[in-house]
Each structure stands twice: as structure tokens, then as C-alpha cells.
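As C-alpha cells, the structure follows; a few thoughts come after it.
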Amino acid sequence: MPMTIRRLSRLLAREYGESHWWPGDTPFEVIVGAILTQNTSWKNVERAISNLKESELLSPAAIARSRISELERAIRPSGFFRQKARNLKSFAEYVQSTYGGHVDRMRRGDVEQLREELLSLPGIGPETADSILLYALGKPSFVVDSYTRRLLGRLKVPHGGRYEDIKRMFEKSLGTDADMYGEMHALIVIHCKNHCIRSPICRGCPLARDCPSYREQKK
DNA sequence: GTCCGGCTGG
DNA sequence: CCAGCTGGAC
């Protein structure tokens with residue numbers, strides 16, 4: 001049976017249950033995490049966020065008025081610290097000037113327009129924009145990451161290949177519920193960390209029966 | 001395609 | 001020791 005998104009979500013949910021994922025005490029903290037975790041393990045992001053807390057640098061206002069050098073020192077454990085410090089500051093300044101420092105006000109208005117707005121900021125690409133929309137603001141905007149691409153590739157689920165193509169494919173199959181999107185993306189990450197890593201661990205994989213790559217390999 | 005990067009786990 | 005990390009900009 002060819003794998004569909006619907007079937008994939010059912011199999012992963014059965015295997016891993018609910019994840020209740022993306023940590024963060026406030027929406028702004030979730031956004032900071034989304035920027036810091038770019039191509040970086042969450043463990044290192046936790047250190048960086050912990051440093052920001054100790055330095056009282058976890059609000060748009062505080063970051064907007066902080067010095068880049070101060071930010072760099074705090075977020076150094078999360079890697080790419082020079083660009084991420086600049087990007088954090090420009091995001092904080094954007095929240096200050098556009099939303100009066102209130103992240104919650106970002107929820108108003110059209111999702112597509114807000115997405116474009118986020119994409120126009122430095123250091124905010126498609127995945128980070130969608131992570132912010134989904135996990136910080138609760139908007140139904142599906143997140144596509146390298147794990148998602150790898151998994152679809154192994155399962156040989158046909159798709160256009162571009163970010164927006166994959167995003168739309170998931171959104172068509174999953175309805176318009178933000179919680180469903182969040183859960184699905186989380187399940188994909190958990191699954192790929194467990195099994196669908198670069199050199200796959202197919203023993204015990206809940207998708208093996210439906211995975212063309214597994215069947216090829218077994219020959 | 002290449003660069004950015006400290007840190008973790010094997 | 002070194003491969004890889006829930007990417008993005010150029």
C-alpha cells in the first residue's frame with residue numbers, strides 16, 4: 001500500500017502517542033528557541049536560553065535595547081552566534097516597532113500576510129517562520145524540515161520538492177487544525193531521531209512494512 | 001554550492 | 001577523533 005500523509009500520521013501517532021512538544025514558558029521564548037535551533041541541537045539551545053534568562057534578556061524590549069556583544073556572549077552555546085545575535089535583535093526591534101512589544105498582537109490579522117512579514121526579516125526562512133506561526137502563535141502553518149524531506153524521500157512519497165509544495169501537501173491532508181500540525185511535525189522529528197537518521201535504524205521501525213527503502217535494503 | 005560554529009555523543 | 005545538529009544568506 002502506498003504511504004499517504006493520512007496513513008503516516010496514524011502510524012506515527014500509534015507508535016509514539018502524544019508528544020506535547022516545543023518547550024518555552026512564553027510565546028516569545030518559543031520564538032527565540034525557533035531562531036536559535038537553526039541547524040543546532042536543542043541541548044545547546046537550552047544552554048543559550050538559560051543564559052538569556054540569567055541575563056534578563058528574554059523579552060522583546062530587553063533584547064531590543066541590548067548590545068549585540070552581550071547577546072553573542074549569552075547565546076554562544078547555540079552556535080552561529082554572530083548571525084543569530086543580529087537576527088534576534090532585529091526580530092525584537094520588529095516586535096517593538098510593529099506590535100508595541102506585544103507578541104500576542106501578532107496573532108491578529110491574516111496568517112499569509114504575517115508569514116510574508118516574518119520571511120522579510122533577516123534570519124527568518126520558511127521553516128523558522130512556520131515554527132513561529134505554529135508553535136508560538138498557534139496558527140495552522142505546517143513546518144517542513146530536513147527530517148520531513150528525508151522521511152518522504154525514504155517512503156518515496158511523491159512531492160514537488162520545494163518547501164511550499166511539501167507544506168501544502170501536508171496541510172491538504174491534515175485539515176486546518178494547528179494542534180494537529182504541531183503534533184504531526186513533532187512525531188516526524190521524534191521518529192526520525194529514533195529510526196530515520198542518515199544511516200537508518202530499521203529494526204523496530206513502525207513504518208518498515210510500508211517503506212520501499214527498507215524493502216530494497218532487505219534484498 | 002559554501003559558509004557560519006559551539007557542543008554533544010559515539 | 002569527528003559526524004551531525006528540528007537553516008538561512010549569499
Side-chain angles (χ1 to χ4, degrees), chain A residues 5 8-9 12 16 18-24 27 29-52 54-55 68-92 94 115-139 141-155 161-167 170-171 174 178-201 203:
Chain A
I5 302 301
L8 177 62
S9 86
L12 291 181
Y16 303 108
E18 297 195 10
S19 64
H20 298 291
W21 204 38
W22 207 299
E29 190 177 320
V30 173
I31 292 170
V32 171
I35 293 173
L36 294 184
T37 199
Q38 290 166 2
N39 209 37
T40 301
S41 70
W42 187 256
K43 200 118 197 171
N44 293 341
V45 175
E46 284 179 327
R47 292 168 169 270
I49 289 182
S50 165
N51 289 345
L52 287 173
E54 283 180 22
S55 306
I68 295 287
S69 59
E70 188 182 7
L71 280 176
E72 287 180 349
R73 215 177 316 127
I75 70 170
R76 194 171 176 121
S78 70
F80 303 111
F81 58 93
R82 293 188 186 89
Q83 33 190 16
K84 284 176 181 175
R86 269 185 285 124
N87 297 338
L88 271 186
K89 180 150 187 183
S90 72
F91 183 86
Y94 153 76
R115 188 170 191 270
E116 290 308 309
E117 208 171 286
L118 291 171
L119 287 175
S120 74
L121 299 172
I124 310 286
E127 184 184 339
T128 308
D130 289 327
S131 297
I132 291 171
L133 289 169
L134 183 57
Y135 291 108
L137 304 179
K139 299 287 191 183
S141 196
F142 194 80
V143 179
V144 178
D145 63 359
S146 53
Y147 284 143
T148 311
R149 292 171 180 277
R150 181 194 293 157
L151 183 59
L152 294 181
R154 292 238 165 93
L155 294 171
R162 291 198 312 273
Y163 185 99
E164 309 294 335
D165 295 332
I166 299 173
K167 173 181 167 66
F170 274 91
E171 293 183 347
L174 297 177
D179 289 332
M180 171 62 85
Y181 289 4
E183 189 62 18
M184 183 65 186
H185 174 66
L187 288 171
I188 289 173
V189 173
I190 292 169
H191 173 70
C192 287
K193 288 173 97 76
N194 282 327
H195 291 286
C196 218
I197 55 184
R198 182 191 281 274
S199 114
I201 301 171
R203 181 183 296 273

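Proteins get letters first, then strands, A, B, ... in listed order; numbering begins at 1 in each.
Between the P atoms of B/dC7 and C/dG8, the separation comes to 22 Å (whole Å). Comparing the P positions of C/dT6 and B/dG9 gives a spacing of 12 Å, expressed to the nearest Å.
The distance from atom CZ of A/Arg198 to atom P of C/dG4 is 4 Å, rounded to the nearest whole Å. Rounded to whole Å, atom C1' of C/dT6 lies 14 Å from atom CG of A/Leu151. To the nearest angstrom, P of C/dC5 lies 14 Å from CG of A/Asn194. As rounded to whole Å, 14 Å separates atom C1' of C/dG8 from atom CG of A/Asp130. Between A/Ile75 atom CD1 and C/dC5 atom C1' the separation is 16 Å, expressed in whole Å. The separation between A/Leu88 atom CG and C/dG8 atom P is 14 Å, rounded to whole Å. To the nearest angstrom, P of C/dC5 lies 12 Å from CD of A/Glu127. Straight-line distance from the OH atom of A/Tyr147 to the P atom of C/dG4: 11 Å, rounded to whole Å.
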Original post:
Would A/Lys84 and A/Leu88 count as a side-chain contact (heavy atoms from CB on, under 4.5 Å) if you check the C-alpha gap in whole Å, the side-chain angles of each, and the deciding distance to 0.1 Å?
Top reply: CA-CA 6 Å; A/Lys84 284 176 181 175; A/Leu88 271 186; 5.5 Å; no
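Heavy atoms only, all atoms of each residue included: A/Leu119 and A/Ala129 are closest at CD2-CB, 3.9 Å. Contact between A/Arg149 and A/Gly161 at its shortest, heavy atoms only, is NH1-O, 2.9 Å. Annotation for A/Asn44 and A/Pro77: closest pair CB-O, 3.1 Å, computed over non-hydrogen atoms. Contact detail for A/Leu71 and A/Ala85: the closest heavy-atom pair is CD1-O, 3.7 Å.
Residue A/Ile188 is out of contact with every strand shown, counting any heavy-atom pair closer than 4.0 Å.
Near-neighbour residues of DNA chain B inside residues 29-37 of chain A, defined by a heavy atom below 4.0 Å, are absent. The stretch residues 115-123 of chain A has no heavy atom under 4.0 Å from DNA chain B, so no residue of it qualifies as close.
With sequence neighbours left out, A/Phe142 forms a ring-ring contact (aromatic ring centres under 6.0 Å, His included) with A/Phe170, A/Tyr181. Remark: A/His191 pairs with A/Tyr16, A/His195 by the ring-ring contact (aromatic ring centres under 6.0 Å, His included) rule, at least two apart or across chains.
Side-chain contact, A/Ser90 with A/Asn87: no donor N or O sits under 3.5 Å from an acceptor N or O.
Remark: C/dG8 base-pairs with B/dC3; criterion is Watson-Crick or G-U wobble with both hydrogen-bond distances under 3.5 Å. Using N1 to N3 plus N6-O4 or O6-N4 for Watson-Crick, or N1-O2 and O6-N3 for G-U wobble, each under 3.5 Å, C/dC2 pairs with B/dG9.
Separating the CG atom in A/Asn51 from the OG atom in A/Ser78 is a distance of 9.5 Å, to the nearest 0.5 Å. Residue A/Leu174 holds its CG atom at 9.0 Å from CG of A/Leu8, rounded to the nearest 0.5 Å.
A donor-acceptor pair under 3.5 Å links the side-chain atoms of A/Thr40 to the main chain of A/Gln38, judged by distance alone.
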**OP:** Would you mind building the protein contact string for nucleotides 1-10 of chain B? One character per nucleotide, 5' to 3', B for base within reach (heavy atoms under 4.0 Å), S for sugar-phosphate only, - for untouched.
**Re:** ---BBBBSS-
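Screening residues 115-135 of chain A for salt bridge (charged side-chain N to carboxylate O under 4.0 Å, His left out) gives A/Arg115-A/Asp130, A/Arg115-A/Glu164, A/Asp130-A/Lys167 as the qualifying pairs, with residues at least two apart or on separate chains.
Contact annotation: A/Arg150 reaches the phosphate of C/dC5 (side-chain N/O to OP1 or OP2, under 4.0 Å).
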